[in-house]
Amino acid sequence: DPAVIFDLGGKFDKSFNEAAYNGAKRWADETGGTFREIELQSEAQREQALRRFAEAGSNPVITMGFGMADPLSSVAPDYPDTKFVAIDVNWLDGENLRQVSFAEHEGSYLVGMMAAMASKSDTVGFIGGMDIPLIRHFACGYAQGAKAVNPDITVVANMTGTTPAAWNDPVKGSELTKAQISQGADVVYAAAGGTGVGVLQTAADEGILSIGVDSNQNHLHPGKVLTSMLKRVDVAVYEAMKAGTDLETGKFTMGLAEEGVGYALDDNNAPLVSADMKAAVDAAREQIIKGELNVASYYADNSCPALSF
Amino acid sequence: MTAPAIELKGISKAFGPVQANKDISISVQPGTIHGIIGENGAGKSTLMSILYGFYKADRGEIWINGNKTEIPDSQAAIAAGIGMVFQHFKLVENFTVLENVILGAEDGGLLRPSLAKARKALKALAAEYELNVDPDARIDEIGVGMQQRVEILKALYRQADILILDEPTGVLTPSEADQLFRILDRLRSEGKTILLITHKMREIMEYTDTVSVMRRGQMTATVKTKDSSPEELAELMVGRKVLLRVDKVPAQPGAPILEIEGLRVVDDAGVERVKGIDLTVRAGEILGIAGVAGNGQSELMEVLGGMTVGTGSVRLHGNPLPLSGLGADGRSRRAAHIGHVPEDRQSEGLIMDFHAWENVAFGYHRSPEYQKGLLMDNAAVRADTEAKMAKFDVRPPDPWLAAKNFSGGNQQKIVVAREIERNPDLLLIGQPTRGVDIGAIEFIHKQIVALRDQGKAILLVSVELEEILSLSDRVAVMFDGQIMGERPADQTDEKALGLMMAGVAGEAA
Amino acid sequence: MDFLTLVQVLDSTVRLSTPLLLACLAGLFSERAGIFDIGLEGKMLIAAFFSAAVAALTGNVWLGLLSGIASSLVLAGLHGLASITFRGNQLISGVAINFLAAGITVLIAQDWFQQGGRTPSLIGGGRFAPVELPFAIGASEAEAAGRPLSQLLAEASPLQQVYSELISGHSILVYLSFLAVPLTAWVLFGTRFGLRLRAVGENPAAVDTAGISVVGLRFAAVGICGVLCGIAGAYLATALQAGFVKEMTAGRGFIALAALIFAKWRPWHALSACLLFGLLQALALRFQSINIAGVSVPVQLMEALPYILTVVILAGFVGKAVPPKAGGEPYVKER
Amino acid sequence: MEKMPKWADVVLIPLISLLLAAALSALVILGIGEDPIEAVKTMITGALGSTYGWGYTLYYATNFLFTGLAVSVAYHAGLFNIGGEGQAMLGGLGVALICLFIPWPHWSIALIVAAIAAGLFGAAWAAIPAYLQAKRGSHVVITTIMFNFIAFSVLNYMLVNVLKPQGAMDPATARFPEAIHLPSLHEILLPLGINFSKSAPANVSLLVAIAACFVVWLLIWRTWLGHEIRAFGKSESGARYAGMSPLKITMIAMLISGALCGMMAINNVMGEAERLVLNSTEGAGFIGIAVALMGRNHPFGVFLAALLFGFLYQGGAELALWSSIPRELIVVIQALVILFTGALDNMVRMPLEKLFIAVRKEKA
Ligand SMILES: Nc1ncnc2c1ncn2[C@@H]1O[C@H](COP(=O)(O)OP(=O)(O)OP(=O)(O)O)[C@@H](O)[C@H]1O
Ligand SMILES: Nc1ncnc2c1ncn2[C@@H]1O[C@H](COP(=O)(O)OP(=O)(O)OP(=O)(O)O)[C@@H](O)[C@H]1O
Ligand SMILES: [Mg+2]
Ligand SMILES: [Mg+2]
């Protein structure tokens, strides 16, 4: 059986981990198979969980988040017959590793465009979770998208914290949202795991728009969430489970072309997304896929052309 | 004859395995002062606390003014007209006098009207009984005598007809005590009934109408005071003839061992407790220090024993003893051959949860003879303990028994054995026989005298004048942190010392 | 920092101080009566959970509040049982209660909602809505003007900014908690109950011999503590946030304890201390690092500051903090 | 006269308390719709059913041995050290600095130096609360709580701003060099012909912890310093009479306590994670309280209690893995153990005492 190790936010974070859970569940529903799972409670548990699943014969073992990179690097070589899937990791070496990363900047670029088009105050906000390159990568794409629509737009960006607690601090998310609103932001994009729940909540309370992340979060506050930047972790997990032990190892990047990222459009946000907006975003999407439009990656030189941190 | 104000029938009370009161019956007439005496731990306080509803009796009945009365708590006692002044006052220290008086006797839920009413009532009471106190003073700012007045006022404010006083004069100066008894007299003349617990035979003989004697949890007798004598009461108290004479040859004082000049001690609260004392103790003599408790004797012993800091000059064999900083601790004092039997064996002299053998090492636990390499030589300590227990007749002679499980007298023997058996040049000994039975008293006194006869110096502090007079060669009296005078023991008497203890200077006495 | 930003930081201070203040007053009642309580955190946490859970299930926030208070009272009763009835160690009891709350909330949340120890997000009547005071610029004005609220506020006069941002627009529990301060002061120093409560924390024997039940008084104090902690927890989950997440008190119970010491067990000082600690939190939340005279203060220092200040106070460098005399000691009549 | 024989105090009461805690825990499990017997089975097979399970159980037990001993040493001096968590965090920092920045030729030397550094860091973190308690009367419980939070901030700052390798995402140090990898039980037991699980983290620190038990036992019951610590803990006025310095004893007891907590880091940081992460202590500092209470502050009792909690921890992890019972169940059990063996001690003791007195009266 396959196994999933959810990161500290827990599988119901309505975001990153929940996407993985949805993918696993879809596989289970479709195939009638079963999978093992654990929600990590602390850093120290990571290695134990990996070993326990590997020893128990789970294959593949799917891990969520960059925090698993270090434990994987020491555990994976001990279990050469087990295949490990590392989501959001792409810098490890190992025969039995499937590393899946996403072109978050591309998806963020699209929602950045939408934010800029929806903004009346010409100010949009970004609230990140833990201040790490990955989240800056999100922010950078978002700012580029917003500026592409409106070069004069102000992008206010904040990070929630520097520790994993930043993924799960809705109070702080809420306070940061209020601060950004007072700075004039009328659309905020939360790339902050569980913290985002507080961001979306406050945005809805205060009557501004928000943008969800990872999973489709439009339904959380219908009519108040402009869109969600989809990161198809569910697809990655689903496919890994479906491939089972025949899983292909190596490094994979899922971008717009692979439908690994995208934006969410459903009944909940349909009234918010005008035809113009949709047309512009879809055009940009085509261009990016064709390579006509290049969204700069923060990783390239650890800096962002559109935003300074 | 009217119904007795108080009648207790068959009261029994056990604290775990300790039977504090056994089938006690007593009857007290209204408008009298009734004394209760007995050794420490005889059960006096327990009995009174039961009457006041503080403890609940296991068995027995209480009758007040001829009516059987249930007293499950103090509220019921107060309702029955009983007030009590405890041995240890029950006041809230950071409250004012007024607040303490109304606590539990407020009218209505709001404080302001209660306080106003109490202020008026207090004024009236003060005028009636000469009980003047400042209603707005905080308790921790007034002296113990004042605090006791507050306790009495509390009872009177609650309209008590029966007043219980548990050892009220232990902390008072003689003049404060006299004042108290004037107040009690006045209360009696108004028909109030007073129960007085005291250890002082003089107070019993002078002020009470009837007296009860307790021994080991039982009531041994109730007699009319004027039909009795101190000797008879003492015998009733301890259960056999009392002979408080110490056999000793006249002292042969030698060179000065301890010389004290201008010694001062300030306590934690910043109050000066010892106010410039000069004393000398010579080899081969016992200097007794008399005084009412709380006049600085404890602090004197503590500073000499290295338990607290002081200023001035103290020399041992002519060498200065540090009074603060390095070397001013009990360990250094022991190293300088000063033995110290502290006043309070339970909280200082012993660790109650330690085995007897650990207590024998206590204070000397770093002596080389108790060490074996890096570790302690516990076997050696235990052997030593067995020897000391045999010599001092400690019962039971079991080194493994915890100190708390020995009786008071045997606890004291352990402490005295530990300190005397090291042959100190100077022995500080405080209240050596407090709560110790007659047989043990004789034994301990003999050991002290024997040490003196070996040419050692002994500084004795005791609140028992009899003990001071019979044991000391020379007597000094302390009052308010100062020495009021010094007398050779065979050239003075209780009366002269009593005057000095009340603050009348030695020359006048 | 411009004026409006300052007002907004203070606004956030008020929001963040409220749970601290409620818990601090809770601790004040308990400790003034001689019962140390390091279990404030646990009581808040369990109340946060039950208030959110019941509000989510019934859609009625008032029922949620009541359940939160009830659950906090249960833990308070446990603390009373351990430290008053059975004369146990109050500190150990507090430690146990904190653990109990941390565990049981997640356990039950998982059993009831299967959302990884959360409750569902609260919507509509499941939350305490902000109270718009009259004449304040709020959401309704913004809607009428068809412009963002932030713009309206930015254009308003400073007085209006203070009124609309800082004073208006909090949940009813915020106003309640601030009212609780004078109320506490009055109860403690103006009523018979307060006199007895303070006395029992200083010298329970005095209270006992005055014919008042020490046990009764202490249980009453512990009960009040439970109620206030319950409101504090409910505020966290149903007013400040819209639902429960595990460990959501995040040490606020300990900050409240620190504030209590900082305030030296006095109600009005408790208000100042909680506002100060709330301000520190607001600053730490809003700014990742703060420049003071050219030196950048790391956010970790901001977060640790309440604790550091409390240690300084405890060390007696800023006046000595003397706790109620009988605090922490069980009242034992029989040795 | 004792109210109760000693064995009742030392064995019977903790046992009854434990049973009560277990019974309540079973009720809790029933309450969330699970089967307590199944749960116990899962825990036992998971924690004790294989050398792998034992490896984790002993690993956790090692942590709790250190913190339990720490709490008990302070307790003997009448001090309630609730700051084990912070002291252990600082110990971890000490270990990390030693392991990261000095190239060690052999693990054994590194272990000795790291243990010393961990002890020093932990002791330093206990020193201020100890000093404030002794000199200014600031309650050590409150100050150590505050110091736990401050320690977290310090560690947070160090990991995020100083020790995190360039480009790394999570706040953690780099891995320690391979040369200082501590021998695991597998490596230790292999020469003895025992094939212990290779992947479990129990390591040579376990032996250090057991040695620490023995040393603490000697210290407390066999040296004059132990005599002073215990005397001071029972009666401060008595200690003053005997010439013991309250300042010195408070400091020494707390420093030893802090050092023991700090030394836990050789197990969890150096032995297991081989790098320093946030929250590496996983609450072991608090569990030390329960361990010391259960173990009646005696090293042997602490040893047994640490094993029990090691079992609970590993069993709990297994529960979370193989059943739908969240790991928080362990937190609840831990709370109940602390509650019954610590705070509600008298609930068991009072009726027992009455019983023994009644029985004795009967005999007499
Ligand atoms: N609260 C208590 N718990 C347990 N034992 C007690 C308690 N109070 C008194 N005792 C025990 O009961 C016995 C009687 O004590 P009590 O205080 O009544 O004596 P007392 O006659 O007042 O002595 P003293 O003259 O020293 O005041 C003693 O053995 C004492 O140790
Ligand atoms: N507070 C107490 N707690 C436990 N046991 C006590 C307590 N007080 C007294 N005892 C026990 O009761 C017994 C009698 O004690 P008590 O002090 O009354 O002896 P005593 O008859 O006065 O002897 P001594 O004359 O030697 O003082 C002792 O064996 C002691 O163990
Ligand atoms: Mg008495
Ligand atoms: Mg006796």
Side-chain angles (χ1 to χ4, degrees), chain A residues 6 8-14 17-18 21 37 39-41 119-121 123 128 131 157-163 165-187 194-195 197-198 200-202 204-209 217 219-222 309, chain C residues 2 4-5 7-9 11-13 15-16 19 106 109-110 113-118 120-123 127 129-130 138-140 142-143 146-151 153-154 165 169 236-237 240-250 252 281-289 298-300 303:
Chain A
F6 296 105
L8 294 170
K11 68 179 170 188
F12 294 111
D13 63 355
K14 303 209 159 41
N17 289 298
E18 192 157 336
Y21 175 69
E37 59 180 7
E39 295 172 80
L40 294 179
Q41 313 276 345
S119 172
K120 294 185 190 124
S121 61
T123 308
D131 188 3
N158 292 101
M159 299 291 179
T160 309
T162 51
T163 67
W167 300 122
N168 215 343
D169 193 347
V171 173
K172 188 154 184 182
S174 160
E175 288 298 323
L176 285 174
T177 310
K178 289 197 166 135
Q180 296 198 342
I181 292 172
S182 69
Q183 286 165 273
D186 59 356
V187 185
T195 302
V197 174
L200 269 51
Q201 177 75 50
T202 304
D205 288 350
E206 302 276 324
I208 67 160
L209 293 173
Q217 299 183 319
H219 66 281
L220 291 180
H221 305 280
F309 294 96
Chain C
D2 63 39
L4 186 55
T5 312
V7 171
Q8 277 153 352
V9 168
D11 179 43
S12 150
T13 301
R15 278 196 297 277
L16 296 168
V106 177
Q110 185 59 15
F113 303 109
Q114 284 91 37
Q115 299 204 0
R118 289 164 202 273
S121 286
L122 301 177
I123 41 167
R127 279 179 81 202
S140 41
E143 209 158 300
R147 299 174 56 199
L149 182 56
S150 57
Q151 277 181 16
L153 274 172
E165 273 282 328
L236 276 181
L240 190 63
Q241 280 305 301
F244 172 87
V245 294
K246 68 180 168 193
E247 305 279 340
M248 85 176 297
T249 41
R252 285 185 175 81
Q281 284 194 336
L283 290 174
L285 282 191
R286 191 167 278 236
F287 308 106
Q288 270 302 295
S289 68
V299 67
Q300 289 93 348
E303 283 165 357

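Chain identifiers are assigned alphabetically (A, B, ...) following the order of the sequence lines, protein sequences preceding nucleic acid strands; residue numbering begins at 1 within each chain.
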Item to check | Selection from Glu247(C), Gln8(C), Arg15(C) maximising heavy-atom pairs under 4.5 Å formed with chain A | outcome: Arg15(C)
Checklist entry - Which bit of Lys14(A) comes within less than 4.5 Å of chain C, counting heavy atoms only: side chain, backbone, both or neither? => result side chain
Checklist entry - Which bit of Asn17(A) comes within less than 4.5 Å of chain C, counting heavy atoms only: side chain, backbone, both or neither? => result neither
Item to check | Donor-acceptor under 3.5 Å (Thr195(A) side chain, Asp169(A) main chain) | outcome: yes
Checklist entry - Any side-chain heavy atom of Gln217(A) within less than 4.5 Å of one from Leu200(A)? => result yes
Next on the checklist: According to side chain to side chain donor-acceptor pair (under 3.5 Å), who are the partners of Lys246(C), at least two apart in sequence or on a separate chain?
Outcome noted: Gln41(A)
Checklist entry - Excluding sequence neighbours, so at least two apart, what forms side chain to side chain donor-acceptor pair (under 3.5 Å) with Gln201(A)? => result Asp205(A)
Checklist entry - In terms of heavy-atom pairs under 4.5 Å with chain C, which of Gly198(A), Gly184(A), Ala179(A), Ala204(A) leads? => result Ala179(A)
Next on the checklist: So for Leu16(C), is it side chain, backbone, both, or neither that comes closer than 4.5 Å to the heavy atoms of chain A?
Outcome noted: side chain
Next on the checklist: Regarding Thr162(A) and Asp131(A), do their side chains bring together a donor and an acceptor under 3.5 Å, going by distance alone?
Outcome noted: no
Checklist entry - Who among Gln281(C), Gln114(C), Glu165(C), Met248(C) has the most heavy-atom pairs with chain A under 4.5 Å? => result Gln114(C)
Checklist entry - What part of Gln115(C) gets closer than 4.5 Å to chain A, counting heavy atoms only: side chain, backbone, both or neither? => result both
Next on the checklist: Take a 6.0 Å sphere around CG of Leu4(C) and say whether it holds more than 12 heavy atoms from other residues, nucleotides or ligands.
Outcome noted: yes
Item to check | Per-residue contact mode, Ser12(C) against chain A (heavy atom under 4.5 angstrom) | outcome: both
